[in-house]
Amino acid sequence: MDYCSHVSTQYNKNFDFLKQHLTTHIIPDIRQKGTLDNYETRVGEGFHQEVQEAYKQTNCKDTEPQMARIDENLEAVARIRMLIDNASQHESTLAKTTRSDEVQSSSNATQIRGTLARSNEHWILGSPAAGITDAKGLADELVARGLVNEAMEFQNTLFNFLRKNISPDCVEDSHLQVQVFQCLYLTYQSLEDWKEGRDILRCNPDFHSHARYDCALVNTDSGMLSPVRLRMLFRCMTSRGPVDIALVHSYKRTSWKPKTMWEGMRVFERAQKCDLVMMRYLVRGVHMVKAFGTKDGREYLNDTIDGDMLLRAGN
């Protein structure tokens, strides 16, 4: 501060501006959220463009109330536009599905192959694998993905899961048809600004020559953050209609701590066995970061990827 006062006096400079003030928060911010490579400036820099465009529409006098009204109007227009686009997309999807139904001879195969969303769902399955399979085919796919233990009793596990969560008579073992998918689109409402957001998650053993299994948050009764790693996405055709299911590796909080800790740090440990989860319980994508210097399966939850995740983490 003495240096700033000296420069202000000698060179008639004023250090009373926002960016100078923010430098006083550097040390607390690093202690709370870790090193600076966990941060990004895209959100703030993008906001500059909105402010500049709004300023150009004012009369350059008493601009803040005018800019606030301009921003409010733009948000309202954007929400209306989003609702119209979503309605148009749904109508287009419905029309394509209807045409597909007329062409396909099998209604079950059509429902599996058809486009993936229904009007009241917040997820869309994409990148379908070639061909329709059954429960045994799913078990073989698990072996191909390195999940040998899960494949052993997978058929019984799947049938029991369907009977428990759908209906005791929803499926016959010999007639179950299944379609595997490798991409998941999750739509959610942001806690930051209540706008609609969407995450694209991959569950692909050969995504550009590399295995990629992304993570998501699961809605649980506990209300705590419950991340999972996707291992397989599939749709089962039952007597009650199509049922979308995810095979996941769950995470639980661990007491292990690294040598260098920071405030708000969350360390999770991946479970050894996989679980089946109804697709409707997946909320949004989440970024898990491998913890080095410890055993495999321990990962940090990155809550700084956007404002919504920051709020969901309780910050």
Side-chain angles (χ1 to χ4, degrees), residues 1-58 60 62-72 74-75 78 188-199 215-217 223-227 251 253-268 283-294 298-315:
M1 294 301 295
D2 292 338
Y3 175 78
C4 292
S5 300
H6 173 72
V7 173
S8 298
T9 303
Q10 183 173 357
Y11 298 100
N12 193 26
K13 298 293 183 180
N14 184 4
F15 287 89
D16 185 17
F17 56 93
L18 179 60
K19 287 189 176 181
Q20 177 62 34
H21 168 75
L22 291 177
T23 58
T24 62
H25 295 278
I26 290 178
I27 294 178
D29 285 347
I30 292 177
R31 286 175 175 170
Q32 184 177 15
K33 294 301 174 188
T35 57
L36 296 181
D37 55 358
N38 292 327
Y39 297 74
E40 57 95 14
T41 61
R42 179 172 55 86
V43 177
E45 295 296 335
F47 183 69
H48 288 175
Q49 300 176 11
E50 295 184 11
V51 172
Q52 291 172 358
E53 292 299 323
Y55 182 82
K56 293 177 182 178
Q57 300 178 48
T58 69
C60 302
D62 192 20
T63 57
E64 291 186 4
Q66 298 178 61
M67 294 168 64
R69 286 194 297 271
I70 292 171
D71 182 69
E72 182 180 0
L74 290 176
E75 294 293 342
Y188 62 93
Q189 187 178 45
S190 172
L191 299 183
E192 180 183 19
D193 54 14
W194 308 111
K195 292 182 180 179
E196 184 178 276
R198 188 175 74 161
D199 286 334
C215 295
L217 287 181
M224 304 293 290
L225 285 175
S226 300
Y251 287 88
R253 294 291 294 269
T254 177
S255 59
W256 177 85
K257 294 180 175 59
K259 295 181 179 180
T260 302
M261 297 184 293
W262 62 91
E263 296 178 14
M265 179 187 66
R266 294 174 176 82
V267 186
F268 290 82
V283 180
R284 61 154 297 170
V286 63
H287 183 213
M288 303 297 291
V289 182
K290 177 180 173 60
F292 293 95
T294 182
R298 286 177 177 163
E299 301 177 27
Y300 304 112
L301 186 145
N302 181 6
D303 59 3
T304 61
I305 55 175
D306 55 34
D308 174 74
M309 183 57 66
L310 193 69
L311 294 175
R312 290 182 189 273
N315 295 289

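Computed from heavy atoms alone, side chains included, the values below leave out hydrogens, waters and symmetry copies.
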Task: Crowding at CZ, Arg31 (>12 non-hydrogen neighbours, <6.0 Å) - done: no

Task: Asp71 CG to Arg69 CZ distance, which is reported to the nearest 0.5 Å - done: 12.0 Å

Open item on the list: I want to check something: taking the side chain as every heavy atom from C-beta on, are Arg298 and Lys290 in contact at a cut-off of under 4.5 Å?
Closed with: no

Open item on the list: Quick one, Val267 with Glu299, criterion side chain to side chain contact (heavy atoms under 4.5 Å, CB included). Give me CA distance, side-chain angles, the key distance, then yes/no.
Closed with: CA-CA 6 Å; Val267 186; Glu299 301 177 27; over 6 Å; no

Open item on the list: Does atom CG (Asn12) have a neighbourhood of more than 12 heavy atoms from anything else shown, all under 6.0 Å?
Closed with: no

TODO: Decide side chain to side chain contact (heavy atoms under 4.5 Å, CB included) for Leu301 and Tyr251; before the verdict, give the C-alpha distance in whole Å, the side-chain angles of both, and the deciding distance to 0.1 Å.
DONE: CA-CA 10 Å; Leu301 186 145; Tyr251 287 88; over 6 Å; no

Open item on the list: Just so I know, are the side chains of Met67 and Tyr55 near enough to count as touching, which here means a heavy-atom distance under 4.5 Å?
Closed with: yes

- [ ] Taking all heavy atoms of Pro227 and all of Met288, pick out the closest pair and write down the distance.
- [x] CB-SD, 3.9 Å

Task: Donor-acceptor contact below 3.5 Å, side chain Asp303 vs main chain Ala313 - done: no

TODO: Just grab all the salt bridge (charged side-chain N to carboxylate O under 4.0 Å, His left out) pairs involving residues 18-30, residues at least two apart or on different chains.
DONE: none

Open item on the list: Has Arg266 got a side-chain atom pairing as donor or acceptor with Gly264's backbone, closer than 3.5 angstrom?
Closed with: yes

Task: Glu192 versus Gly307, closest heavy-atom pair with distance - done: OE1-CA, 3.5 Å

Task: Nearest non-hydrogen partners of Arg312 and Gln189, listed with the distance - done: NH2-O, 3.3 Å

Task: Separation between CD of Gln52 and CD of Gln57, rounded to the nearest 0.5 Å - done: 12.5 Å

TODO: Just jot down the ring pair (Phe, Tyr, Trp, His ring centres under 6.0 Å) partners of Tyr300, sequence neighbours excluded, or say none.
DONE: Trp262

Open item on the list: Taking CD1 in Ile27 as the centre, count heavy atoms belonging to other residues, nucleotides or ligands within less than 6.0 Å. Is the count above 12?
Closed with: no

Task: Heavy-atom closest contact (Asp62 atom, Gln66 atom, distance) - done: O-NE2, 3.2 Å

TODO: Spell out, as yes or no, whether a donor-acceptor pair under 3.5 Å connects the side chain of Thr63 to the backbone of Cys60.
DONE: no

Open item on the list: Looking at Tyr11, I want to see if its OH is surrounded by more than 12 non-hydrogen atoms of other residues, nucleotides or ligands under 6.0 Å.
Closed with: no

Open item on the list: Minimum heavy-atom separation for Leu311 and Leu191, please, with both atom names.
Closed with: CD1-O, 3.3 Å

Open item on the list: What I want to find out is whether Glu53 reaches Lys56 closely enough, with some N-O distance under 4.0 Å, to be called a salt bridge.
Closed with: yes

- [ ] Any chance you could lay out the side chain to side chain contact (heavy atoms under 4.5 Å, CB included) test for Val286 and Met309, step after step, and finish with the verdict?
- [x] CA-CA 8 Å; Val286 63; Met309 183 57 66; 4.0 Å; yes

Open item on the list: Distance check, rounded to the nearest 0.5 Å: His287 atom NE2 versus Cys215 atom SG?
Closed with: 8.5 Å

TODO: Can you measure from CZ (Arg198) to OH (Tyr188) and round to the nearest 0.5 angstrom?
DONE: 11.0 Å

Open item on the list: Whether Asp306 and Arg284 form a salt bridge (side-chain N of Lys/Arg under 4.0 Å from carboxylate O of Asp/Glu) is what I want to check.
Closed with: yes

